[in-house]
**Student:** 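Sharing a structure here in structure tokens format.
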Amino acid sequence: SAAPRPRSRTLTAVQDAILEDIVYPTEITGKRTRCKVDGRRILKVYLDSKDQANVEPRVETYAAVYNKLTNKQVSFIFN
């Protein structure tokens, strides 16, 4: 069909929504894509530091789940 794909159905939007859902109780304050020299990309996600005590033990789990669902590397930083 000729109609453009709605933003809510794009891969990027879906993956952003997945990320929001994974880290749910805390807020994402920012995102950066780090491109390494060898071509790998790592998504750096900045989380709200007010929830750091609750969320910090789960950060590795969040990264593993996101990697499993989207096949993208992600690292979480508090600011």
**Student:** Quick one: do Ile77 and Leu19 end up in the same hydrophobic cluster if we chain Ile, Leu, Val, Met, Phe, Trp and Tyr together by side-chain heavy atoms under 4.5 Å apart?
**Tutor:**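 No: no chain of side-chain contacts under 4.5 Å links Ile77 to Leu19.
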
**Student:** Is it true that a side-chain atom of Thr10 and a backbone atom of Ala13 form a donor plus acceptor pair closer than 3.5 Å?
**Tutor:**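 Looks like yes, one N/O pair under 3.5 Å.
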
**Student:** Atom CG of Leu11 and atom CZ of Arg5: how far apart are they, to the nearest 0.5 Å?
**Tutor:**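 Taking CG in Leu11 and CZ in Arg5, the distance rounds to 9.0 Å.
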
**Student:** Measure the CD-OG1 distance between Glu56 and Thr26 for me, rounded to the nearest 0.5 Å.
**Tutor:**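 Going from the CD atom of Glu56 to the OG1 atom of Thr26 covers 11.0 Å.
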
**Student:** When you compare the side chain of Asn67 with that of Gln73, does any pair of heavy atoms fall below 4.5 Å?
**Tutor:**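 When only atoms from C-beta onward are counted, Asn67 and Gln73 do touch, with a gap below 4.5 Å.
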
**Student:** Step by step, would you call Val23 with Arg58 a side-chain contact (heavy atoms from CB on, under 4.5 Å)?
**Tutor:** CA-CA 9 Å; Val23 301; Arg58 302 187 201 144; over 6 Å; no

**Student:** Look up atom CD1 in Ile22 and atom OH in Tyr62, then write down how far apart they are to the nearest 0.5 Å.
**Tutor:**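 Nearest 0.5 Å value for the CD1-OH distance: 9.0 Å.
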
**Student:** Is the CD atom of Glu60 crowded by more than 12 outside heavy atoms at less than 6.0 Å?
**Tutor:**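 Not buried by this count: 12 neighbours or fewer within 6.0 Å.
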
**Student:** State the CZ-CG distance between Arg34 and Leu43, to the nearest 0.5 angstrom.
**Tutor:**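 Here the rounded value is 13.0 Å.
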
**Student:** Report the distance from atom CZ of Phe76 to atom CD1 of Ile28, rounding to the nearest 0.5 Å.
**Tutor:**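 Phe76 CZ to Ile28 CD1: 7.0 Å, rounded to 0.5 Å.
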
**Student:** Counting N and O atoms only, with roles assigned by atom type, does the side chain of Thr29 sit under 3.5 Å from a partner on the main chain of Tyr46, one being a donor and the other an acceptor?
**Tutor:**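 Judged by distance alone, yes, a pair lies under 3.5 Å.
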
**Student:** Any chain of hydrophobic side-chain contacts (each under 4.5 Å) joining Val74 to Ile42?
**Tutor:**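 In one cluster: no.
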
**Student:** Who are the side-chain contact (heavy atoms from CB on, under 4.5 Å) partners of Lys72, not counting sequence neighbours?
**Tutor:**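 Expected list: Gln15, Tyr66, Thr70.
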
**Student:** Does a sphere of radius 6.0 Å around NZ in Lys31 hold more than 12 heavy atoms from other residues, nucleotides or ligands, not counting ones at 6.0 Å or beyond?
**Tutor:**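 Buried by this count: over 12 neighbours within 6.0 Å.
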
**Student:** Taking Asp38 first and then Lys36, would you say they form a salt bridge - that is, a charged N and a carboxylate O separated by under 4.0 Å?
**Tutor:**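 A salt bridge is absent here (no side-chain N lies under 4.0 Å from a carboxylate O).
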
